[in-house]
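The structure displayed is predicted, hence computed values, not measured ones. One-based numbering, in listed order, for ligands and for the atoms of each.
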Amino acid sequence: MQKHYRTCNICEALCGIEITHEGENIISIKGDKKDPLSRGHICPKAVALQDFYFDEDRLRSPLKKTADGFKEISWNEALDFTVAKIKEVQSKYGDNAVATFLGNPNAHNVGNLLFMRPFIKALKTKSRFSASTVDQMPHHVAALHMLGHSILNPVPDLDRTNFLLVMGGNPLVSNGSMMASPDIGKRLRSIQERGGKIVVIDPRKTETAKKADEHLFIKPESDAVLLLAMIHVLIEENKIRLNHLKDHVTGLEEIKKLAKKYTPEKAENLTGIKAEKIRSLTLEMVAADKAVLYSRMGLSTQTFGGLCIWLSNIFNILNGNYDKEGGMMFPRPAIDPISFSPKKGRPKHKSIPVSRVRKLPKYLGETPSASLADEIETEGEGQIKALVCIAGNPVLSVPNGKRLEKAFEKLDFIVCSDIYLTETSKHADIIFPATSGLETSQYDITFLNLAIRNIAKYSPALFPKKGNVKHDWEILAALTARLKGQENSGQSPEMLIDMALHMGHYAKEGLSLEKLKAHPHGIDLGPLTSCLKDRLQTDDDTVRLAPQVFLDDLKRLDESIQNKTLNDDFPFQMIGRRLLRQHNTWTHNSHRLSKGRNECTLLINPKDAERKDISSGEYILVKSRVGEINVEAEVTDEIMEGVLSLPQGFGASKKSKMKVAAAQNSVSINDLTDDMRVDALTGNAALNGVHVDISK
Ligand SMILES: Nc1nc2c(c(=O)[nH]1)N[C@H]1C(S)=C(S)[C@@H](COP(=O)(O)OP(=O)(O)OC[C@H]3O[C@@H](n4cnc5c(=O)[nH]c(N)nc54)[C@H](O)[C@@H]3O)O[C@H]1N2
Ligand SMILES: Nc1nc2c(c(=O)[nH]1)N[C@H]1C(S)=C(S)[C@@H](COP(=O)(O)OP(=O)(O)OC[C@H]3O[C@@H](n4cnc5c(=O)[nH]c(N)nc54)[C@H](O)[C@@H]3O)O[C@H]1N2
Ligand code: SF4
Ligand SMILES: [Mo]
């Protein structure tokens, strides 16, 4: 019997796990008590890692679409054919006619991260799409304009704060996002045990809200107004504290001026939160000294995502809780993604480039995924004619997925790298079967830059590749070499990890791959420290509170406040939710995770249900501008009146090779979400607050 230690790479929490096995026979998967970040915690998904390794529905050979369905082919044939098709499309229509879509698992896979950049460079396309624009782009936009670098994002110092305000996040289920904070349940309890307080602001009484000291319902998409009112209170009550950042902040006068008109009284009607409450909550956070506002998905995937994240930062800065113990802090990771790009002087763009069809902003070089269908359907120079989709399932993950699926028919060529035949990959001409989880080695470059404690950890692969599959990085390297007409570079992720560690913040202390291999539980590099002055990337070394892009966007907010009229056709607003035992669109095939009652239900407030004569268990029709679905109703006072909640990630049909235990009840939320609803400032999809109606 042997023990293997690694980091679970399914979600952002980075839990350390201990796998006891005899060869390929897994005896147990448990939390690794010696992991310095997760301290023994895991969730049910880690145990399912074995299901994904052994799953008979996994793709095990390269596939080519033929008139008689998919046919197994050799790797050389699949790679050669793909590169020939890409070159054919590019020579006919130009380099940008080939688009890429990168899905969420790329961020959790070190090989993909390290080998993606040379691949995209060799592909020479500016048509780049990813899950970022249906997720966290507003965080990057705020970081770029305020701090000078898109990926310089702060995280809440959970282990030392005395007041946590959560807006639009449900970390007890999601295990935290844009903050690697495993063992979140215990961490939240500790805040309460040391006399601190947790408040959740959410249109649904979430699992996190139930454990909090206080929950406030908020009308969807009204958070920007609430945040402005809270900033208004800080200013009105003369409570601004900049502390050590005093000489490193510009734009305060503009903020003082603009916040004047957003009184708590004005916010009351718009948000559904009493003016008095807005004042007392703000002052409680002032009094708490170590207090932090944490904003996530519910705020970044709505019509005012950019404003929400900007204002959240401003609140933390003005309340003296930025780059300070117990507030928002900046990790100092051993491999620092910021050091890979040139220092200082950003943002250098005078204006942000915009997309071809809808003129949406292209931050980080990415065209918003809500506009992928437009870019395929709209003729003219730069029209997309081929798609390279790596670890992504946009048919189920981008708004109006049905329209995108239809648009695929117009493409000359689609290639996917995936572990399953999915609602997206089933449309591909070529599918590369990739490795995942236990077959891969791991050093988490993305999320150790967002961890609430500085640590470093490397995990080797546990098992050999199963079947005729390749690592994504091998596929990317092979494609890159073919595109360039060169020999394969021969580099491995391990070589690159070691190089990056030698260039990193802890190289002087001797941190190397060899050292990490000798410490299989990971190495603790200590709690977060005040380091913003060193990490700041603006050319004048200041935090910019009032970048013009945000000031301009306030006009859009004001207009929406003035024009708030009832939408008679679609009187409800729909929001999404995550489930503890599922991860986005791809974990449903694990019986362990999918057994039990149907969780793909639409939550409805009892008053709305009565009005519509709907009861729990009934299947009802939900309609939006773009589509309709039938779904089981669940009547509960845990959802605000006028709001409905449907889980994201479902919708795989039996036609895909996945058996999908939950398939018969499975509907895709993105058959209802509207691709025309985006945050105009950042281009991020507005997945929450979608206008819908329901009927029996
Ligand atoms: N309405 C609504 N829509 C949403 C959301 C929401 O809350 N509401 N959430 C959004 C968010 S936050 C995200 S991140 C996106 C996610 O959107 P996507 O990234 O498109 O979807 P995922 O389900 O994460 O997985 C993508 C694919 O990767 C495959 N895969 C898994 N592991 C690997 C691997 O190691 N290699 C390869 N090659 N493939 C692999 C899976 O089988 C799956 O098909 O969805 C977004 N869409
Ligand atoms: N179990 C599980 N864990 C996951 C995932 C998963 O699919 N399953 N996905 C992973 C991924 S890719 C991500 S990005 C993270 C996301 O992690 P979180 O950001 O925690 O995501 P959600 O659980 O979707 O929480 C969003 C919350 O916003 C609320 N909300 C919706 N609209 C509004 C609004 O207008 N205002 C306010 N204030 N709140 C609103 C919703 O009710 C919901 O509670 O989770 C990750 N972890
Ligand atoms: S919380 Fe995330 S990282 Fe931890 S075990 Fe679950 S899926 Fe894996
Ligand atoms: Mo995400």
Less than 4.0 Å between a side-chain N and a carboxylate O, is that true for Lys64 and Glu72?
->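 Result for this pair is no, no salt bridge flagged.
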
Quick one: are Gln582 and Leu593 in side-chain contact, heavy atoms under 4.5 Å?
->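 They are in contact (side-chain heavy atoms under 4.5 Å apart), so the answer is yes.
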
What do the steps show when you test Phe572 against His691 for ring-ring contact (aromatic ring centres under 6.0 Å, His included), and what is the final call?
-> CA-CA 6 Å; Phe572 293 90; His691 300 280; over 10 Å; no

Looking only at distance, does Asn584 have an N or O less than 3.5 Å from an N or O of ligand 1?
->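 Yes - when backbone and side-chain N and O of Asn584 are compared with those of ligand 1, one distance drops under 3.5 Å.
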
Will you find, in the side chains of Asn170 and Glu207, an N or O donor that is under 3.5 Å from an N or O acceptor?
->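 On atom types as modelled, these side chains qualify, holding a pair under 3.5 Å.
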
Should the proximity of Thr585 to ligand 1, defined as any heavy atom under 4.0 Å, be assigned to the side chain, the backbone, both, or neither?
->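 It is both parts that get close, each with some atom under 4.0 Å.
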
To which of [options] does the heavy atom nearest [atom] belong?
atom: atom 47 (N) of ligand 1; options: Pro647, Ser397, Ala107; result: Ser397
atom: atom 33 (C) of ligand 1; options: Ser130, Gly111, Gly437, Pro105; result: Pro105
atom: atom 35 (O) of ligand 1; options: Thr435, Ile669, Leu646; result: Thr435

Protein N/O/S atoms under 2.8 Å from atom 8 (Fe) of ligand 3: how many?
->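 Protein heteroatoms (N, O, S) closer than 2.8 Å to atom 8 (Fe) of ligand 3 number 1.
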
Can you list every pair that meets salt bridge (charged side-chain N to carboxylate O under 4.0 Å, His left out) and has a residue in residues 445-458, with sequence neighbours left out?
->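 Every salt bridge (charged side-chain N to carboxylate O under 4.0 Å, His left out) pair that includes a residue of residues 445-458, provided the two are not neighbours, is Asp35-Lys457, Arg453-Asp524.
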
Backbone N/O of Ser174 and side chain of Ser177: donor-acceptor pair under 3.5 Å |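 Such a contact is absent between Ser177 side chain and Ser174 backbone.
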
So Arg6 and His4, side chain to side chain donor-acceptor pair (under 3.5 Å) or not? Walk me through it.
-> CA-CA 7 Å; Arg6 65 185 296 105; His4 168 84; 3.2 Å; yes

Under 6.0 Å between the ring centres of His140 and Tyr363?
->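 No: the rings miss the under 6.0 Å criterion.
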
